[in-house]
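Both counts, for ligands and for their atoms, begin at 1 and track the order of listing. Residues: numbered from 1 along the sequence shown.
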Amino acid sequence: MKIIKSVNQLQKELKKLKKQGKSIGFTPTMGALHNGHLQLVKRMLKENDVGVVSVFVNPTQFNDAKDLKKYPRTLKKDSELLKKAKLDILFAPSEKEVYPKGKKNTLSIDLNGLDTRMEGKFRPGHFEGVCQVVHRLLDIVTPDRLYMGQKDFQQFTIIQQMINNLKLNVKLVVCDIIREKNGLARSSRNERLTKKQRDEAQIINKTLLWLKRNRNKYSVGELKSRALKKLEIPGFKPEYVSIVNGKTLKNIRKMSSHSYVVACVAVWSGEIRLIDNIILKNK
Ligand code: PAF
């Protein structure tokens, strides 16, 4: 596995590979890798001749300076895991490499309101930062396929919108949520949960599964209020339970009026914010 820190060097390397007709897969990450990321990497390596993973904690997507500071940075461990996974190229740039002209975002994309709902309400500016960095990384790597996880449902929906909007020549591949034995979705933030919080956090997946089982039993309003109640356990503070159209991310009123419906939740466990989702129907 090659570890590359400069954009120039990465582009030289990729140019050589593309000349040989090799297809390139790309998985952007902020490091603190876990099994969820490794599943993306596995699929990427299966579907492409060459796999590239970036590890870059993008400052422009954090609306809370404390959260940015606390974000785990574990490059040594990450590179060991990626080497074991037989990755070809690990791209670990500095902020200067990613934003040589400064962090100001000059990208203007019409996201059709997708960025203002759910996470957008609680993390102003977050998705602008995500689009800025993913756009920049795609520009550097120019992959054939981009790999992202379903866990960040709103994120991949917005990135797909950006790809369509800017007519970017890349295929977005969305991979299933990877869960721990107790159902908790794997995420880098989870790493900061105590054992007790981790045990308690199984209520999130249990609530999502309950929503799916009961999607036709109650009205959408009733489903949401019952789910919120289930998540209100000591030490936990649900921020939202949204039941939305899977394409527009708009709240729905009636299950039967939509063919693609997703339930998304955000919950605070102490100081750690967890998000998760489940597809309630897709047909
Ligand atoms: O999902 C993440 O880890 C980040 O938002 C991403 C896509 C790597 C952009 O920084």
Side-chain angles (χ1 to χ4, degrees), residues 7 10 25-41 43-44 51-65 67-75 77-79 81-82 87 89-99 103 105 107 109 111 114-115 118-120 122-141 143 145-163 166 168 170-178 185-192 249 264 266 272-277:
V7 171
L10 177 68
F26 174 52
T27 305
T29 80
M30 297 208 297
L33 302 183
H34 49 72
N35 198 25
H37 292 112
L38 295 176
Q39 293 307 314
L40 296 182
V41 172
R43 178 149 176 208
M44 168 180 77
V52 181
V53 169
S54 63
V55 170
F56 177 63
V57 181
N58 173 37
T60 70
Q61 69 188 74
F62 285 83
N63 55 312
D64 175 355
D67 196 23
L68 171 63
K69 207 167 162 205
K70 276 196 208 147
Y71 204 85
R73 288 157 174 90
T74 55
L75 187 59
K77 189 170 155 231
D78 293 342
S79 63
L81 286 171
L82 292 168
L87 177 74
I89 300 175
L90 164 57
F91 179 47
S94 65
E95 194 179 306
K96 261 231 156 90
E97 285 290 318
V98 177
Y99 300 123
K103 288 182 286 193
N105 193 357
L107 191 67
I109 323 161
L111 292 173
L114 291 174
D115 56 329
M118 299 192 289
E119 289 299 284
F122 296 93
R123 304 178 72 190
H126 169 67
F127 289 117
E128 274 167 40
V130 171
C131 285
Q132 177 190 16
V133 78
V134 174
H135 184 266
R136 169 71 177 135
L137 291 169
L138 287 175
D139 199 40
I140 295 169
V141 182
R145 295 182 194 84
L146 168 67
Y147 290 80
M148 300 186 100
Q150 188 205 308
K151 190 188 135 290
D152 297 300
F153 196 94
Q154 189 169 9
Q155 170 169 275
F156 85 72
T157 306
I158 286 175
I159 293 300
Q160 184 63 68
Q161 172 84 8
M162 176 179 86
I163 291 172
L166 303 179
L168 302 180
V170 64
K171 180 176 172 4
L172 175 62
V173 180
V174 179
C175 304
D176 292 346
I177 300 176
I178 303 298
R186 296 301 310 252
S187 81
S188 304
R189 282 196 171 78
N190 282 354
E191 309 292 308
R192 288 164 45 207
L249 305 185
C264 300
I272 300 161
R273 191 170 182 277
L274 302 168
I275 60 169
D276 202 345
N277 65 78

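Evaluated for a side chain to side chain contact (heavy atoms under 4.5 Å, CB included) with Phe127, the options Gln155, Gln132, Gln61 yield exactly one hit, Gln155. No option in Ile163, Thr27, Leu137 other than Ile163 meets the side chain to side chain contact (heavy atoms under 4.5 Å, CB included) test with Leu146.
A side-chain donor-acceptor contact under 3.5 Å links Tyr99 and Asn58.
Ligand 1 places these atoms under 4.0 Å from at least one heavy atom of Met148: 7 (C). Which parts of ligand 1 touch Val133 is read off a 4.0 Å heavy-atom cut-off, strictly below it: atoms 9 (C), 10 (O). Those atoms of ligand 1 that come under 4.0 Å of a heavy atom in Gln61, given as number and element, are 4 (C), 5 (O), 9 (C), 10 (O). If you number the atoms of ligand 1 from 1 as listed, the ones under 4.0 Å from a heavy atom of Met30 come out as 3 (O), 4 (C), 8 (C), 10 (O). Atoms of ligand 1 found under 4.0 Å from any heavy atom of Pro28, numbered from 1 in the order shown, are 8 (C).
Ile158 has its side chain within reach of Cys131: a pair of non-hydrogen atoms, C-beta onward, lies under 4.5 Å apart. By the 4.5 Å heavy-atom criterion applied to side chains, Arg273 and Glu119 are counted as neighbours.
Protein heavy atom nearest atom 2 (C) of ligand 1, with residue, atom name and distance: Gln155 NE2, 3.8 Å.
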